[in-house]
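Beneath this line is the structure, given in structure tokens, with notes to follow.
Note: hydrogens, waters and symmetry copies are ignored here, and every other heavy atom, side chains too, is used. Naming convention: chains lettered A, B, ... in sequence-line order (proteins, then strands); numbering from 1 in each chain.
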Amino acid sequence: MHELEMLSALFSLTTLGLVLGALLGLAARHLKVEGSALEAEIEALLPGSQCGQCGFPGCGPAATALASGGAPVTLCPPGGRALAEELADKLGVTVDLAGVEDKPVLVAFVHESLCIGCTKCFKRCPTDAIVGGPKMIHAVFADACTGCEQCFEVCPTECIEMRAVQPTTQTWYWPKPAANDIDDGRGIAA
Amino acid sequence: MKGVLEPRFRQRIGYQAGLLGGFAAMAAALLMMGNLGTSDSIAQRQQEDLVASLTQVIPTALYDESLLSNNLVITSSEGSATTVYRAVRNGQVTAVAYEVSGAGYAGEIRLLLGVDAGGKTLGVRVISHAETPGLGDKIELAKDDWILDFNGRSLDNPDDAGWHVRKDGGIFDQFSGATITPRAVVAAVHEGLRYFRVHSGEMLARIPDPATNAVTGG
Amino acid sequence: MAGVYRRIITDGLWSNNVVFAQLLALCPLLAVTGTATNGLGMGLATTFVMMLSGFAVSIFRSIVTAEVRIPVFVLIIATIVTLVDMSMNAWVHDLHKVLGLFIPLIVTNCAILGRAEAFASKKPIALAVLDGLMMGLGFTLALVILGAVREILASATLFSNASLLLGRHFAFLEQQLIADYRGFLLVALPPGGFLALGFLLAAKRVLDTRLARRAERRTAPDAPTMAGAG
Amino acid sequence: MKLFRIRGGVHPEDRKHLAADQPIIDLPLPPLLHIPVQQHIGAAAQPAVQRGQHVHMGELLATSQGAISAPVHAPTSGRIMGIGNYPAHHPSGLSVRTITLQPDGEDRWSDKLTPCDDPFALEPAEVAARVAAAGIVGMGGATFPSAVKLNLRERYKLHTLVINGAECEPYLTCDDRLMREQAMEVIDGIRIMAHALGVERIIVAIENNKPDALRAMQHAATAFDMLTVTGIPTRYPMGSEKHMVQALTGLETPARALTADIGIVVHNVATAYAVHQALRFGWPLVARVVTVSGGAVARPANLRVRIGTPVSHLIDYCGGTDEATARLISGGPMMGQPLPSTRVPVVKGSNGVLALTAAEIASREPSPCIRCASCVSACPCGLVPLEMAARARAGDLDGTVKIGLMDCVACGSCSYVCPSSIPLVQYFNYAKGELAARQRSKHKQMETKRLATQRSARIEEQKRKKREAMAQRKRKDATAAREAVAEESGA
Amino acid sequence: MTELTTIAGPHAHEHNHVTRIMLLVMLALAPATLFGMVLFGWPAVLLFAVTVVTAVLAEVVCLAIAGRPVKRTLFDGSALLTGWLLAMTLPPWAPWWIGVVGALLAIVVAKQVFGGIGQNLFNPAMVARVALLISFPVEMTTFVQAAGLAGNAPGFTDAIAITFGGAAQPDAFSSATVLGHLRTELTRGGDVAGALSGHFDPWALLLGNTAGSMGETSALLILLGGLWLIYKRVISWHIPLSMLLALAALATVFHLIDPGRYAGPVYHVVSGAALLGAFFIATDLVTSPVTPRGQLLFGAGCGLLVYVIRTWTNYPEGVAFAVMLMNACTPLIDHYIKPRIYGRTRRGEPLSYPDASGDDA
Amino acid sequence: MGEYLLLLLATVLVNNVVLVKFLGLCPFMGVSSKIDSALGMGFATTFVLTLAAVASWLLERFLLQPLELGYLRILTFILVIAAVVQFTEMAVRKLAPALYQVLGIFLPLITTNCAVLGVALLNVQEDHSFIDSMLYGLGSALGFTLVMVLFAGLRERLALASVPRAFTGTPIAFITAGLLSLAFMGFSGLA
Ligand SMILES: Cc1cc2nc3c(=O)[nH]c(=O)nc-3n(C[C@H](O)[C@H](O)[C@H](O)COP(=O)(O)O)c2cc1C
Ligand SMILES: Cc1cc2nc3c(=O)[nH]c(=O)nc-3n(C[C@H](O)[C@H](O)[C@H](O)COP(=O)(O)O)c2cc1C
Ligand SMILES: Cc1cc2nc3c(=O)[nH]c(=O)nc-3n(C[C@H](O)[C@H](O)[C@H](O)COP(=O)(O)O)c2cc1C
Ligand SMILES: Cc1cc2nc3c(=O)[nH]c(=O)nc-3n(C[C@H](O)[C@H](O)[C@H](O)CO)c2cc1C
Ligand code: SF4
Ligand code: SF4
Ligand code: SF4
Ligand code: SF4
Ligand code: FES
């Protein structure tokens, strides 16, 4: 009696295990998902200017780090708040974006009187935003400048200034209303 | 999880199956041993529990054999079966205990009713109920001794008119704000006593029944 | 290395607490916290299972493949729980009577599988066991606090029936706080469980920010650049 | 005429009585005119005059740039004092490129004007070209270059011209006065536009609270069969073109489309008047009628004002404002914009200057939304303003778009009725602006990404070339060496 | 001047504000309330006062803790109204602490932790009522016969004893509500006709001569107040109408099926809190849908649930539960039922262009 | 027929798995911040739960009871459930990657969604017939989906509300769940 019961227990559970294991193995083979598309998707979201402000050697490595959870979604200063939101959405994480203020957009500006035409900035600019040739005064094409400050750092005469982009009547828009309609109760002990 | 690092053989279906099968076998073996080691004492503990609740409605003085050794199963005409536990002293059935139930405010109230051979209530205890705490749960002995009011009652004490809560003209107290619960309990006990009157013949006649005698316990 | 242990301990008990931080194991949490005593019993049983499962999962971690990972871990946990259930039923029967209903529930306590997946399947045995212990104790803490709060509000008692669980010597734990309290039934019922937990979590948040602010204030004078890091 | 029901809308107190009985007066010239080069939607015009140059009235000051743009003309004769930045007629208080003109007081028309005796003999395209050259933009507030709309017949099958005489904003009476005083001219302009558009039907719609204008226009239109002048219910924002078209025809303009998609073009009465002047006399748009009103204005009036006249000049003419002025507004109280100062010039789109008292504004501190749904029933566009605002407030801008932000015409009905005084429209303006800014920065990001890949490709290419050159040199060296060896061995 | 530029339009506003809305609702409630106080005498007045005062105090304290502008927010009157409506739904002779605990539940748990006015998801007064009913069923189901008009109402001192002293209510007064009575009788196996004979007089219910809470007794005054609110456009007609219609329709159908077990539509509409619920509670702006179609659905849901709960569950009266359940559905209703956007189909696609040639014809 | 409907109604409304039985709370709190993900999770759970209820009934009836292997019940049930879940996970991942992203880590956690095992065990405890078991599973899952979706709607509104900081996020979510559960108490006694 006991032996029979024991054997049947052993047998039935083992069979169950074997069958289910086989099924799962089969399923795994036939329902396999190819490689991580996530990384590529994330890289597509990043600005792609390879500026390195995030502390990674460029957007590719930054994307790898993001995909593996090794970097916060708020890592990329040029991308600002909008990018952080997009990344958070993509990665399914929630972040407190209150701290991620969009910093004012800066672009490089060359003081022509000081530029000696050394072409150092020209060579460094990752987006070819600086135009000019050797021994010629250089100028920045503001629409292409990402404000990465690389030219600013290399300029031997410090003739490059990072200037905030000024709004025009075309780009100005109404500020968000002050939240005094609903005080968020932030005064509470927390 | 590890993808490329996994050795080839691991991706075989046989390996998966074997793994799960192996673990299943191991688990089964472990549990079997566990079961082997514990089943007897578990069964014993469960009987002890049963006896403990039976002794609440049947005084120890009334029996000298195990309360579990003289069970009787009465099957009603509708097919529902009632297990009657019987107290036997000197070969005589001195008291019986069985389950009765009533419809309370929030579902069934199950009670264990002990009756002596003369049809007098020895005790009533609640087995399970879902009445409102603080309102209907005064039928538990732990909350209130209202349930002790049934001790010593019988079908003649009081008479049929008396077997109601006060509000309905009977002699039993209701709880303030909750009449449905006591009404249900009173009705259930009353019904239980009538059941005893109907079946007292079977219950009190001691027919040795080896099958139910199989288990013995303290 | 000591740092690792310290980290596991603080994580388990507070900063990565199963309930307060990970929001797992909610079902047993709400289901058994009618009284502090029940919470304590459930917590201890769960802790025991968590340690054992951490141990077992860690042992087998290298041979399990992704496809059957979850079934295997679940199998391990279920075996342990069933064994615990059987032994308690056989040898500490009174305790089992109090907790009996809840023990099979341990199997599906997501925290156990969660820890098996997230920690034990990647870490050596000693760490896995310690983690199980600490996570379990953290869970117990949450259970007891919630149980106590609900019990006090609902019936003004504390640790009622503790002697059933822990033995007669612990009868002193049983307290009747207000003599003839009318009882606030809501707290004992399901809605009250949710509400009480909500308020507890809010209280924890207030506490945490207070602590952080105090820590910040303490470090601020000597390391002004670090301000805000706390 | 059978009218159709439109959804939502509000009935603000119209307060038109303040200025409605004031005939249009020509405002004397100010000492200086400031004429911004951008007074319309689209690309800014390019200055075509030099500092110090003398110009005649109607002479071109700045030429239009590209397809959607409008030129700017000298509002009077005088000398160009300079071209530089000057505070804009804009709530931001920012400055824009502005041509400053010192009138010489002679008001002499340029002799290069090209009046036309019979505009109906012109090709439709020629009419549109003249309207474009006259710098006419929509005077109903949108300031969209009118010639572009007159050219729509090329792309759409048009059947109806609707003339918007609703003037549904409270206080404003400039269109009302224009219709009452110059109905014949307006009707002429309307017919010229209809000719340019090639439509067979014209409807002039005037809100019922302007019975005199309605009568005058009906009288002027009797001679023309295709022209119907009809009164429409007084309800804000009846003047919104899509809603007006729906009220008149029952046709609903699809989202993100133009009324032209359903065969209808809408123009404002003042635009029609400007077209009349441009075609019949060759006069470009250099002046317009502006209502100066509001509880804080001493003598409300309707003034014909040269473009570029400082707002302060208008107000002074009307006796100035008293100290109760709580807000200075360009346009009507519902959709108008606050002005940063009275220094800013009147532009082509200014139809009113209002100085309102606090009591008229009736604004209170905002309080939380109580979900009273007043805004929902007021919205003529079928939106749920409370939710859009809540999402904008919580930073969920994509969410606002999903529930219809881009379908909001910013009419302000919702804010008007909100019992919690929530600045709903400002939330929408903010959200729209922020989204546009994001779009711009995304665009820029794409651009820089392209540039960056281009550059790395270039550098890669250079490197490859260098490597190849090196390899070639090496190979050459090697062959040379081998040959040398071979030669040696062979020797 | 710079400050001016930060304010976007419109620069005109309707003269309507939150305080005015709340005041109008209170005005509409006032006749029924005063009548209820006359009916039930001083204990009712005391309980009303205790509840309302606690609600307002709780609001003040919460606002202060949360660091919100106390004065401005308090004067919107919503806390007062919440306390008022809660008091209207309590047994008039309930002890003082029922009012206190209820007001605290309403203001603290159901309203302020969500962020105060406008932010709560559930109707605060109904949350409090349901929580009280579940926690203190005895106190919450002990009603008295309306007695004030009969002249044997307790005097002021007796009232103090009843409300504050925990004095037992004289049995002579205690009585079941019509709904409670029917429920008890049905549980005992009686039938509707028997249970209601002598207990159900629609006119008495309309005029208020019955046991119940203040909000249940003067159906006529409640109805008039509600109609006045609709006339003043504080509430729209959608919710009250669809709620009462749904309730009446269901009652009719089941009454026709089995008159012995199911009471008729008149009974359901005039007894209990159906009218108060339809006009004053389900219509709470904050917790009901914002579109007319959504409101119709919401009201119908309330009516349906009131009937289901009254008929088949443990509770003889279901308005509070029904309103809370529908409150829970409100976000979903608002999510799926939106007005049609101008120029778009209901599903949000732009309208398809009408065939231009068709217009020519 | 009527009694089946009643059973279904009772499991959905009266003995709601989440609000009354306290089962499946982790996914209830975890995946309920968006209506769409709540719906997805609800459907996934409905599928798994019903399947598991049926499978476990078959196991109980044809394996455990005949062989008197009651002590293997938890083990076999959980094994079957785990396999069903794993299978669902792989299928969803392959066939509906978007849904997979939304459900994230919660799909594997359906295994430990206590509701699944809980319902299977309750079926045994209550001695349900095959149809009853299936209906019980289905009803529980529908009840789960219902409250998930309601709750998700409430939370979407909470996300826009100005909740005091101490309560934002989970604390207010629990309080909301409490009030929802309070409302559901109105159904007690029904069926
Ligand atoms: C939340 C709640 C719980 C209740 N629980 C019970 C209960 O457990 N037992 C009971 O008999 N009545 C219960 N009742 C029913 C009422 O108290 C009911 O009015 C009373 O039982 C009817 O009896 P009466 O004749 O004393 O009025 C409950 C009522 C409510 C509202
Ligand atoms: C949650 C809560 C529940 C309470 N329940 C009761 C109660 O059931 N009965 C009661 O008399 N007082 C209750 N109170 C009020 C206090 O216990 C109060 O001190 C007491 O009623 C004093 O009144 P007494 O002098 O009439 O006893 C409650 C208070 C709270 C906060
Ligand atoms: C809310 C709203 C209200 C408007 N009110 C008027 C109005 O009262 N009168 C008017 O001429 N245009 C009004 N417009 C502008 C018209 O929609 C439309 O742009 C104009 O009538 C077109 O004519 P135009 O190009 O000649 O200016 C309004 C627009 C909006 C969005
Ligand atoms: C028509 C109307 C009905 C109301 N009904 C209630 C109600 O039933 N319960 C309540 O607590 N507050 C009610 N209020 C007040 C207010 O809306 C409520 O306190 C808010 O829910 C608080 O955020 C009502 C207000 C109005 C205008
Ligand atoms: S900061 Fe942003 S743009 Fe720059 S490299 Fe890093 S990810 Fe790329
Ligand atoms: S900051 Fe300098 S280097 Fe960077 S993008 Fe601009 S111009 Fe190029
Ligand atoms: S401003 Fe926009 S949302 Fe408000 S009423 Fe007008 S169209 Fe609707
Ligand atoms: S009108 Fe104002 S208070 Fe009313 S729902 Fe709209 S935003 Fe909210
Ligand atoms: S413990 Fe039940 S789902 Fe997590």
Side-chain angles (χ1 to χ4, degrees), chain E residues 62-63 65-68 105 108-124 126-135 183 187 286-287 289 305-306 308-336, chain F residues 2 5-6 9-10 12-16 18-20 32-39 42 143 145-191:
Chain E
C62 286
L63 288 173
I65 292 178
R68 287 167 202 251
L105 282 168
V108 180
V109 177
K111 180 174 173 190
Q112 288 294 343
V113 298
F114 286 91
I117 183 168
Q119 317 300 305
N120 49 309
L121 301 172
F122 292 92
N123 188 321
M126 292 306 102
V127 168
R129 208 206 118 82
V130 167
L132 286 174
L133 174 66
I134 284 171
S135 305
R183 164 55 51 90
T187 328
V286 177
T287 52
L305 287 169
V306 168
V308 167
I309 292 171
R310 279 184 181 178
T311 313
W312 291 294
T313 74
N314 284 343
Y315 299 94
E317 168 61 311
V319 171
F321 287 111
V323 168
M324 276 188 78
L325 285 164
M326 288 315 289
N327 287 163
C329 299
T330 296
L332 280 186
I333 295 177
D334 276 341
H335 183 86
Y336 288 111
Chain F
L5 206 67
L6 222 56
L9 214 60
V12 174
L13 298 178
V14 187
N15 295 318
N16 187 281
V18 178
L19 297 178
V20 177
S32 57
S33 46
K34 291 253 162 57
I35 294 177
D36 296 337
S37 23
L39 267 174
T145 311
L146 174 73
V147 294
M148 278 276 280
V149 174
L150 284 181
F151 192 55
L154 293 168
R155 283 184 80 174
E156 280 198 4
R157 243 188 83 188
L158 276 182
L160 302 178
S162 53
V163 176
R165 184 176 289 179
F167 286 92
T168 43
T170 30
I172 197 68
F174 273 107
I175 290 173
T176 306
L179 298 185
L180 189 60
S181 157
L182 191 61
F184 266 70
M185 290 206 59
F187 288 121
S188 67
L190 174 74

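- Interface remark: E:Ala320 contributes no atoms to any contact with chain F (heavy atom separation under 4.5 Å).
- Contact count against chain E (heavy-atom pairs under 4.5 Å) is highest for F:Ala183 among F:Ala183, F:Pro171, F:Ala161, F:Ala152.
- When heavy atoms are compared at a cutoff of 4.5 Å, F:Leu180 approaches chain E by way of both its backbone and its side chain.
- Residues E:Leu305 and F:Phe187 are in side-chain contact: their nearest non-hydrogen atoms beyond the backbone lie under 4.5 Å apart.
- Under the 3.5 Å distance criterion, the side-chain polar atoms of E:Asn120 are left unmatched by any main-chain donor or acceptor of E:Phe114.
- Residues satisfying the ring-ring contact (aromatic ring centres under 6.0 Å, His included) test with F:Phe151, not counting sequence neighbours, are F:Phe28.
- When every heavy atom of E:Leu332 is checked against every heavy atom of F:Gly153, the shortest pair comes out as CD2-CA, 4.4 Å.
- When each of F:Thr176, F:Val147, F:Leu154, F:Leu150 is scored by its heavy-atom pairs under 4.5 Å with chain E, the top score falls to F:Leu154.
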